[in-house]
Amino acid sequence: MITNPQLRGDYTRAAPDYSVEQDWAAYTREDHALFRRLVERQSRLVARYACPEWFEAVSALDAGREIPKFDDINRGLARATGWRIVAVPGLIPDGPFFTHLANRRFPVTVWLRKPEEFDYIVEPDVFHDFFGHVPLLFDPVYADHLAEYGKGGLKAMRLDAITMLSRLYWYTIEFGLMKTADGVRAYGAGLLSSGGELAYCVDDPKPHRRPFELERILRTEYRIDRYQDSYFVIESFEQLMRDTAPDFTPIYARLKHLGPFLPDA
Ligand code: PHE
Ligand code: CO
């Protein structure tokens with residue numbers, strides 16, 4: 001059980017796999033209204049900056065009026081890709097996290113940020129998890145890739161390579177960019193749920209935008225407290241799937257002897 005006082009969720013009622021009841025009735029009208037305002041603000045940006053796969057899924061979800069009931073979402077999600085959402089109190093340890101992903105369960109934080117955190121929040125909340133991550137679980141290739149990532153996470157734990165694998169998650173699932181016919185677009189959840197970084201990552205001339213390169217990413221450190229200095233651009237989810245399919249065991253072994261790259265290198 002997590003006893004880290006820095007985490008603000010209530011872990012006392014969590015099951016051994018860290019899941020909890022969503023307890024939808026406990027959300028207040030203010031929570032729902034804040035969720036709606038977050039969706040509205042973000043919706044003005046996503047048409048221009050989100051990748052088409054995400055945009056297509058979110059349009060079909062029609063879930064912006066209030067905090068969604070996870071059970072409702074799960075019916076459609078199971079049909080689409082065999083994934084489902086499980087409610088969790090917040091961040092959970094690597095082992096249970098990877099186990100959920102490997103079994104096509106995506107942990108979604110139950111609580112919503114406070115109004116004063118409208119623009120910025122340190123821990124992921126239900127808005128980030130739901131708006132950023134859940135739509136892409138409807139895309140079959142992305143969905144398969146994320147389950148493979150979960151299995152790869154369990155393996156990386158055994159190989160003491162979590163630091164390297166976490167960089168891959170960071171630069172793809174959280175902050176990934178994709179090339180499209182209309183230019184570069186975001187598919188990373190940390191971008192899709194961000195009021196400021198979503199336009200920055202596509203339009204601003206400052207950050208590096210490099211083509212996806214597995215070993216470079218595994219070696220590139222990242223900052224969690226500011227906009228990214230570097231983004232990596234995939235051609236498609238098929239490319240992401242293909243380029244992460246090889247066994248990472250020999251890659252980890254080789255890269256361990258090489259130093260990391262700074263975030264802005
Ligand atoms: N192929 C990786 C391994 O052998 C697992 C993985 C798949 C990691 C997909 C990330 C994404 O460890
Ligand atoms: Co996230």
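Remember, it's 1-based here, ligands and their atoms both numbered in the order they're listed. Just so it is clear, the structure is predicted and the values come from calculations on it, not from any experiment.
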A.B. asks: What do you reckon, does L168 have a nitrogen or oxygen under 3.5 Å from a nitrogen or oxygen of ligand 1?
C.D. replies: no
A.B. asks: Provide the number and element of each atom of ligand 1 under 4.0 Å from a heavy atom of P246.
C.D. replies: 1 (N), 2 (C), 3 (C), 4 (O)
A.B. asks: Is the distance between the Co ion (ligand 2) and the nearest N/O/S atom of E174 smaller than 2.8 Å?
C.D. replies: yes
A.B. asks: Same cluster or not: M157 versus I251, using hydrophobic residues (I, L, V, M, F, W, Y) connected whenever any side-chain heavy atoms lie under 4.5 Å apart?
C.D. replies: yes
A.B. asks: Would you mind checking if D23 and R13 are paired as a salt bridge, meaning a charged N to carboxylate O distance below 4.0 Å?
C.D. replies: no
A.B. asks: For residues 32-41, which residue pairs qualify under salt bridge (Lys or Arg N to Asp or Glu O under 4.0 Å), counting only residues two or more places apart or in two chains?
C.D. replies: R41-D119
A.B. asks: How far is atom 8 (C) of ligand 1 from the closest protein heavy atom, and which atom is that?
C.D. replies: F248 CE2, 3.6 Å
A.B. asks: Run the numbers for me: atoms of ligand 1, each under 4.0 Å from some heavy atom of E148, listed by number.
C.D. replies: 6 (C), 7 (C), 9 (C)
A.B. asks: Can you confirm, on distance only, whether ligand 1 has an N/O atom lying under 3.5 Å from any N/O atom belonging to Y252?
C.D. replies: no
A.B. asks: Mind listing the closest non-hydrogen atom pair of L165 and G153 along with its distance?
C.D. replies: CD2-CA, 3.4 Å
A.B. asks: Check whether F261 forms a cation-pi arrangement with R216 (NZ or CZ under 6.0 Å from the six-membered ring centre, at most 45° off the ring normal).
C.D. replies: yes
A.B. asks: Salt bridge between K155 and D247, side-chain N to carboxylate O under 4.0 Å?
C.D. replies: yes
A.B. asks: For atom 11 (C) of ligand 1, grab the closest protein heavy atom and report residue, atom and distance to one decimal in Å.
C.D. replies: H145 NE2, 3.5 Å
A.B. asks: Using distance alone, determine whether K155 and ligand 1 share an N or O pair under 3.5 Å.
C.D. replies: yes
A.B. asks: Which ligand 1 atoms are under 4.0 Å away from a heavy-atom of D247?
C.D. replies: 4 (O)
A.B. asks: Taking the six-membered ring for Trp, are Y49 and W54 closer than 6.0 Å centroid to centroid?
C.D. replies: no
A.B. asks: Looking only at protein heavy atoms, which one is nearest to atom 7 (C) of ligand 1, and what is the separation?
C.D. replies: T244 O, 3.4 Å
A.B. asks: Which is closest to atom 5 (C) of ligand 1 by heavy-atom distance: A161, A147, G150, G152?
C.D. replies: G152
A.B. asks: Of the side chain and backbone of A245, name the one, both, or neither that has a heavy atom under 4.0 Å from an atom of ligand 1.
C.D. replies: backbone
A.B. asks: Please list all pairs meeting ring pair (Phe, Tyr, Trp, His ring centres under 6.0 Å) that have one or both residues in residues 231-256, counting only residues at least two apart or in different chains.
C.D. replies: Y142-F237, Y171-F232, Y187-F237, F248-Y252
